[in-house]
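Structure first, then comments.
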Protein chains: 2
Amino acid sequence: MGITDRRLRQKEEVRQNIICTAWQMVMKDGWHALSIRKIADAIEYSVPVIYDHFENKEAILLEFSKEGFRILSAKIIEARDKFQDPAEQIRSMADAYWDFALNNLEHYQLMFGIGMACCEISKSMPEQENFRRLVSEPMEELAKKNQRGDVNICLKYHTFWSVMHGLISIKIVGNSAYDTELNKLVLDDAISGFIKNLS
Amino acid sequence: MGITDRRLRQKEEVRQNIICTAWQMVMKDGWHALSIRKIADAIEYSVPVIYDHFENKEAILLEFSKEGFRILSAKIIEARDKFQDPAEQIRSMADAYWDFALNNLEHYQLMFGIGMACCEISKSMPEQENFRRLVSEPMEELAKKNQRGDVNICLKYHTFWSVMHGLISIKIVGNSAYDTELNKLVLDDAISGFIKNLS
DNA sequence: TTACATTTGCTAACACTGTTAGGTTATTTA
DNA sequence: TAAATAACCTAACAGTGTTAGCAAATGTAA
């Protein structure tokens, strides 16, 4: 009885050791630097031992993804319970979501699969700058037309792109969980609101 | 003269051949299945020839990212020029953006780095379902409070998440191109509009 | 205490990956 | 015809995830 207990405990310890070591690697050099061999080296076990605890490398990364959702949920609850008014609750939860993503960047990236190949887009990519200009121009025009000298076009551009990109990212990652028609409705809804805000 | 011309032409042909073959692979098995060796095999050249045309594997993928931006820009222009009214232009551009992303999924993924590890989130991930419920509840409450039986909570949840996720994705990928303060403003702006729409 | 069974852990290999050094062959220029 | 250059290949380096098969330690039962 006690013997099997201890064994299970020791096995769990090794498992935690794997996760902990893996996380240190992800934090230090990013998720792409994670390697089964390096983990095995660090925990001073041979490689196949890792496979006694995890089916494959992806399963380890999935662990962090799940952990991320757990942390996020906790933060969301905490934020919600600060208020009674539902509008305030939503605002508070949005803040919590935002803070979580920024403070747990690695978690968030693994949760939603952000930043794989073709990173470093930001620097000197004329294609992106061109796109930005194209989208901004009509916004500027609309603002001018409505005598809205106060609006920050750069900000509006970001809002616009965020709505678009966010919706699409979610559709791609969580494929077919919700149908395209609904997503289109969300888009129309969001963009209508966007334009209204600019008028 | 003509000789160097032909050489340049032939070199360009090989380059195009590499890109074309690589793209076929990406379309067939996804970007993760892309392999320098497989490309070399397909174009019937040895591996180092690839490196005469591209610095590394990422450079090939970057080519598709750039191509994606070119296609998107063209679509955006096309959509814009259908209208004179800027509000209509924005709406049209949003539609074009949407269509582009759905019709050029591989391009879009490479452009913004979506869907790396930890895919297949959709299926049976209680953590995500839990999160969805948590976020939806106050929305439902707010709608009820304002006697808005018409609003689709599922839709609102998606809009909410899209704004959040989109903003954050962009911040992560295009790191430090725009400062955090601006992004926070965008968030507040978007969420305020969101709540207003729900009242 | 001995014999068997089970768990645990390892070595070594398979089949890949991106990348590059160095040499060979063919083509072009002087 | 000889030197220079470009084109191209072989073979290797240093990794990667994953697994088959074996050895040793540990537990259980006779």
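Since the structure is predicted, the reported quantities are computational estimates derived from the model, not experimental observations. Below, chains carry the letters A, B, ... as their sequence lines are ordered, and counting in each starts from 1.
- Rounded to whole angstrom, the span from the NZ atom of B:Lys57 across to the P atom of C:dC16 amounts to 15 Å.
- Under the 3.5 Å distance criterion, the side-chain polar atoms of B:Thr21 are left unmatched by any main-chain donor or acceptor of B:Ile39.
- Following rounding to the nearest Å, B:Leu34 (CG) and C:dT17 (P) show an atom-to-atom distance of 10 Å.
- Screening B:Phe54, B:Phe69, B:Trp23 against B:Phe64 for a ring-ring contact (aromatic ring centres under 6.0 Å, His included) leaves a single residue, B:Trp23.
- Between the side chain of A:Lys28 and the backbone N or O of A:Ala33 there is no donor-acceptor pair closer than 3.5 Å.
- C:dG9 atom P lies 12 Å from atom CG of A:Asn17, rounded to whole Å.
- Rounded to whole Å, the distance from CD1 on A:Ile60 to P on D:dT16 is 13 Å.
- A:Arg15 has its CZ atom 18 Å from the C1' atom of C:dT8, to the nearest Å.
- Proximity of a side-chain donor or acceptor of B:Asn146 to a complementary backbone N or O of B:Arg148 within less than 3.5 Å is not detected.
- One finds a side-chain N or O of A:Lys11 lying less than 4.0 angstrom from the OP1 or OP2 phosphate oxygen of C:dT8.
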Atom pairs, N/O to N/O, protein against nucleotides 23-25 of chain D, distance under 3.5 Å?
none

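- Between the side chain of B:Asn152 and the main chain of B:Leu155, a donor-acceptor pair closer than 3.5 Å is present.
- In this view, A:His53 satisfies the ring pair (Phe, Tyr, Trp, His ring centres under 6.0 Å) rule with no residue, not counting sequence neighbours.
- For the pair B:Met25 CE and C:dG18 P, the computed distance is 10 Å after rounding to whole Å.
- Between A:Lys75 and A:Asp99 there is no side-chain heavy-atom pair separated by less than 4.5 Å.
- Distance alone, capped at 3.5 Å, is enough to place a donor-acceptor pair between the A:Lys57 side chain and the A:Leu34 backbone.
- Counting to the nearest Å, the C1' atom of D:dG17 and the NE2 atom of B:His32 are 14 Å from each other.
- Note: CG (A:Leu61) to P (D:dT16) measures 14 Å, nearest angstrom.
- Listed in residue order, the members of residues 35-54 of chain A having a heavy atom less than 4.0 Å from DNA chain C are A:Arg37, A:Tyr45, A:Ser46, A:Pro48, A:Val49.
- Salt-bridge annotation for A:Asp52 and A:Lys11: absent, with no side-chain N of the basic residue lying under 4.0 Å from a carboxylate O of the acidic one.
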